[in-house]
Amino acid sequence: MASASRCSSPVLCWHPQGLVMMAMAPFSARISRAQGPKTTLMLGAVTVAAGYVLNIFLMAQIWQLVLVSCVIGAGVGLAYGAMPALVMGAVPVSETAAANSLNTLMRAIGTSVSSALAGVVLSQMTISFGPAEVASQNGFRTVMGIGAGAALLALAVASPSSRVSGRRQQVTV
């Protein structure tokens with residue numbers, strides 16, 4: 001029998017994050033309809049940053065990791081819901097398919113690069129655990145700080161003062 005402080009499978013600890021991301025889709029749509037997708041993206045970025053900052057302080061218990069992953073999942077759900085509307089509003093109608101494909105590609109590249117960066121940080125910030133070297137808690141805190149910084153950078157890019165236009169360009173035939 002598994003302890004009350006452990007998930008029976010580490011994968012099960014991440015299921016709530018996926019469920020929260022799905023649950024955020026209707027909220028993302030409502031906020032985008034009422035305030036615009038840029039506002040939704042900004043709210044998502046702030047939520048993700050808050051989740052990463054929260055994780056710097058809450059990483060001792062499984063429930064804390066599940067809570068943090070749900071906060072981050074809520075932010076990702078908001079942001080991912082807003083991105084297609086922003087992309088489609090920024091390009092001519094004839095280019096929406098290519099632009100959305102590029103958005104998907106850039107998300108995959110971003111995920112790969114951020115995973116590699118986290119791996120480098122964690123491999124350099126280790127402690128001895130018996131005969132093995134394992135990632136230290138400070139290494140994880142550093143990765144969370146980098147994630148929060150990246151989310152705040154996304155917020156800055158999405159801010160009203162940025163030059164990205166949210167208007168659809170019409171194509172004449």
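Excluded from the calculations below are hydrogen atoms, water molecules and symmetry mates; all remaining heavy atoms, backbone and side chain alike, are included.
Here the closest non-hydrogen pair linking A79 and L41 is CB-CD1, 3.7 Å. The two residues V53 and A148 have their closest heavy-atom pair at CG2-CB, 3.9 Å. Listed here is the closest heavy atom pair of I127 and S136: CG2-CB, 3.6 Å. The minimum heavy-atom distance linking N100 with P84 is given by the pair OD1-CA, 3.7 Å. Considering every non-hydrogen atom in both M59 and R141, the closest pair reads CE-CG, 3.9 Å. Residues F140 and A135 come closest through the heavy atom pair CE1-CB, 3.7 Å.
R30 contributes atom CZ, which lies 13.5 Å from atom CD of Q35 (distance to the nearest 0.5 angstrom). Note that OG of S69 and NE2 of H15 are 11.0 Å apart. Values are rounded to the nearest 0.5 Å. Interatomic distance, CG of L117 versus CG of L122, reported as 9.0 Å (0.5 Å rounding). A distance of 9.5 Å separates CD1 in I72 from CG in L67, rounded to the nearest 0.5 Å. Atom CD of E133 is separated from atom OG of S123 by 11.0 Å, given to the nearest 0.5 angstrom. Here the CD-CG distance, from Q17 to L65, works out to 11.5 Å after rounding to the nearest 0.5 Å.
No side-chain donor-acceptor contact under 3.5 Å links E95 to the backbone of P92. Side chain of T96 to backbone of V93: a donor-acceptor contact under 3.5 angstrom is found. Judged by distance alone, with hydrogens and angles left aside, the side-chain atoms of S32 form no donor-acceptor pair with the main-chain N or O of T40 at under 3.5 Å.
Both I56 and Y52 sit in one connected hydrophobic cluster of ILVMFWY residues. Membership requires side-chain heavy atoms under 4.5 Å apart, directly or through other members. Side-chain heavy atoms closer than 4.5 Å link hydrophobic residues (I, L, V, M, F, W, Y) into clusters, and following such links, even through other members, never connects V113 to V120. When the side chains of ILVMFWY residues are joined at heavy-atom separations under 4.5 Å, either directly or via intervening members, V20 and F27 end up in a single hydrophobic cluster. Cluster annotation: L54 and M21 are assigned to the same hydrophobic cluster (Ile/Leu/Val/Met/Phe/Trp/Tyr, side-chain heavy-atom contacts under 4.5 Å, transitive). Cluster membership for L102 and V91, using ILVMFWY side-chain heavy atoms within less than 4.5 angstrom, is not shared.
Contacts of S115 classified as side-chain hydrogen bond (donor to acceptor under 3.5 Å, both in side chains), with partners at least two apart in sequence or in another chain: none. With sequence neighbours left out, T47 forms a side-chain contact (heavy atoms from CB on, under 4.5 Å) with L43, V71, A74, L78. Checked against side-chain hydrogen bond (donor to acceptor under 3.5 Å, both in side chains), S28 has no partners two or more places apart in sequence or in another chain.
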